[in-house]
Amino acid sequence: MEMYQNILVIIDPTTDEQKALKRAVDLASRIHKNNNTAINITAFFSIFDFSYEMTTILSHNERDSMRQMVIDEKQKWLDEIIAEIAPNTQVTSKVVWHNRPYEAIINQVIEHNFDLVIKGTHQHDKFKSVVFTPTDWHILRKCPCPVLLVKDHEWPKNGNILAALNIGSDESEHSSLNSKITKQAKQLTGVVDGNLHLVNSYPGTPINIAIEVPEFDATEYNAVMLKHHQEAMNTHAEQFGVELTNTHIGEGLPETVIEEFARKLDAELVVLGTIGRTGISAALIGNTAEHVIDQLNCDVLALKPDGYISPLAN
């Protein structure tokens, strides 16, 4: 599995329970066992205390020394955590001083060519998420490499991995991202001895049309839409050698359909794409990936389209 050879694990400095690090060690062990490839893991987090920046009675060098003392203290704590959680795995530790955690993370990805970021996540307050975007959402939108958000859910043998697709669209970007999602999900399925499932949603009858056009046949419309998406799904599944019995089509919003089938299958992981929307539209609307994350009780692997360039790279 060549795509994940350099993994950046985001450490939560508020707890000794590091589920992201545990997932990284487990995944690296499985990849190594699968193809005998050495995997580099870096455990990372950034710290910042504004009080150190406001200490005007100290010189610049004295402030630097104080910051370094804090970093060294956290570095020692991190090394102890690594020794406890991953005693038999080579893990590099790194702590930096930065006032924006998501920028520190993405800068590491860009500077050191990490090909996967793993971070623990939790339920967000949806109102606050609109006003103050959580670090998870910043990373989803702006990180150029795949992001694996980990929840408290195991990856047992013969478990299910669900690839969430946008089948039925003629746009080349969607087609390319569908292929990328399926390829990575299939490779992961092989590594973890799991079962690959594909899921796709399609829109139901537009309510305004059904109301304004009395002769509109909603049943026929839904049947046509379902047939179109089912045929597109079958073609895609056959292209990647996925059993048609492992394909699922549902009517409704993507986040609703994905959550429904992830729950029915008791999925260990959902793989999906995010276009990295930024600005006001992202704050008000959000990505499908972001809506899905809060609803799923499993890990989420979010992928960017080929050619995506992070705004932090400029």
Could you give the distance from NE2 (His228) to OH (Tyr202), rounded to the nearest 0.5 Å?
12.5 Å
Min side-chain heavy-atom separation Val95-Phe45 under 4.5 Å:
yes
Between Asn158 (side chain only) and Gly194 (backbone N and O only), is there a donor and an acceptor less than 3.5 Å apart?
no
Test item: Asn200 side-chain N/O and Ile167 main-chain N/O as donor-acceptor pair under 3.5 Å
yes
Verify the distance criterion only: is there a donor paired with an acceptor across the side chains of Lys94 and Gln75 at less than 3.5 Å?
no
Are Gln68 and Asp72 close enough that a side-chain donor and a side-chain acceptor fall under 3.5 Å?
yes
Are Leu27 and Trp155 close enough, and set up right, to give a side-chain contact (heavy atoms from CB on, under 4.5 Å), and what steps lead you there?
CA-CA 9 Å; Leu27 180 59; Trp155 284 12; 4.0 Å; yes
Report yes if some heavy atom in the side chain of Val270 is under 4.5 Å from a heavy atom in the side chain of Ile161; otherwise report no.
no
Heavy-atom side-chain proximity of Ile139 to Lys119 below 4.5 angstrom
yes
In this structure, CG of Leu140 is separated from CG of Leu149 (nearest 0.5 Å) by 5.0 Å
Heavy atoms only: give me the nearest Ser310-Pro144 pair and the separation to one decimal.
CB-CD, 3.9 Å
Between Ile81 and Ile11, is there a side-chain heavy-atom distance shorter than 4.5 Å?
no
In Å and rounded to the nearest 0.5 Å, what is the CG to CG distance from Asn34 to Asp193?
8.0 Å
What orientation do His248 and His197 show, parallel under 30°, tilted 30 to 60°, or perpendicular over 60°?
parallel
Shortest non-hydrogen contact between Arg141 and Tyr308, atoms and distance:
O-OH, 2.6 Å
Just verifying a value: how many Å separate Thr235 OG1 and Gln230 CD, rounded to the nearest 0.5 Å?
10.0 Å
Which pair of heavy atoms, one from Ser93 and one from Ile82, lies closest together, and at what distance?
CB-CD1, 3.6 Å
Taken to the nearest 0.5 Å, the spacing of Ile118 CD1 from Leu21 CG works out to 9.0 Å
Assess the residue pair Met69 and Glu73 against the criterion (side-chain contact (heavy atoms from CB on, under 4.5 Å)); give the C-alpha distance rounded to whole Å, side-chain angles, the decisive distance to 0.1 Å, and a yes or no.
CA-CA 6 Å; Met69 288 177 59; Glu73 180 182 345; over 6 Å; no
Search all heavy atoms of Trp77 against all heavy atoms of Thr15 and return the closest pair with its distance.
CZ2-O, 3.5 Å
Using a 3.5 Å distance criterion without hydrogens, assess whether the side chain of Lys142 forms a donor-acceptor pair with backbone atoms of Glu103.
no
How would you list, by chain and number, every residue that makes a salt bridge (charged side-chain N to carboxylate O under 4.0 Å, His left out) with Glu17, sequence neighbours excluded?
Lys22
Donor-acceptor pair between Glu238 and Asn234 side chains, under 3.5 angstrom
no
Is a side-chain donor or acceptor of Asn178 paired with a backbone partner of Asn166 at a separation under 3.5 angstrom?
yes
Closest heavy-atom contact between Cys145 and Val109?
SG-CG1, 3.8 Å
Short side-chain to backbone donor-acceptor contact, Lys304 and Cys143, under 3.5 Å:
yes
Determine the minimum heavy-atom distance between Lys19 and Gly120, stating which atoms define it.
CE-CA, 4.0 Å
Between Val91 and Thr42, is any pair of side-chain heavy atoms under 4.5 Å apart?
no
Polar side-chain atom of Thr189 near backbone of Ala185 as donor-acceptor pair, under 3.5 Å
yes
Quick one: OG1 on Thr182 to CG on Leu198, what's the gap to the nearest 0.5 Å?
5.5 Å
In sequence, state the C-alpha distance, the side-chain angles, and the governing distance for Asn195 and Leu265, and then conclude on side-chain contact (heavy atoms from CB on, under 4.5 Å).
CA-CA 10 Å; Asn195 306 302; Leu265 295 168; over 6 Å; no
Glu84 atom CD: more than 12 heavy-atom contacts under 6.0 Å
no
Any Val199 side-chain heavy atom under 4.5 Å of Leu165 side chain
no
Find out whether Leu162 and Phe261 are in side-chain contact, i.e. whether some heavy atom of one side chain is under 4.5 Å from a heavy atom of the other.
yes
Would you please classify the geometry between the Phe240 ring and the His236 ring as parallel, tilted or perpendicular, with 30° and 60° separating the classes?
tilted
Walk me through it: do Arg23 and Leu148 pass the test side-chain contact (heavy atoms from CB on, under 4.5 Å)?
CA-CA 10 Å; Arg23 178 72 78 233; Leu148 176 60; 4.0 Å; yes
Ignoring hydrogens and angles, tell me if any N or O in the side chain of Thr247 forms a donor-acceptor pair with the backbone of Glu243 under 3.5 Å.
no
Sidechain-backbone polar pair: His138 side chain, Tyr102 backbone, donor-acceptor under 3.5 Å
no
Look at the side chain of His112 and the backbone N and O of Phe114, then say whether any donor-acceptor pair between them is shorter than 3.5 Å.
no
Just by distance, do the side chain of Asp115 and the backbone of Asn6 share a donor-acceptor pair under 3.5 Å?
yes
Going only through I, L, V, M, F, W and Y residues with side-chain contacts under 4.5 Å, is there a path from Leu226 to Leu253?
no
Quick one: are Glu251 and Asn222 in side-chain contact, heavy atoms under 4.5 Å?
yes
For Glu80, does the CD atom sit with more than 12 other heavy atoms under 6.0 Å from it, leaving out its own atoms?
yes
Name the one of Asp299, Thr135, Asp12, Asp136 that satisfies side chain to side chain donor-acceptor pair (under 3.5 Å) with Thr121?
Asp136
In chain order, what residues pass the salt bridge (charged side-chain N to carboxylate O under 4.0 Å, His left out) check against Lys180, with sequence neighbours excluded?
Asp306
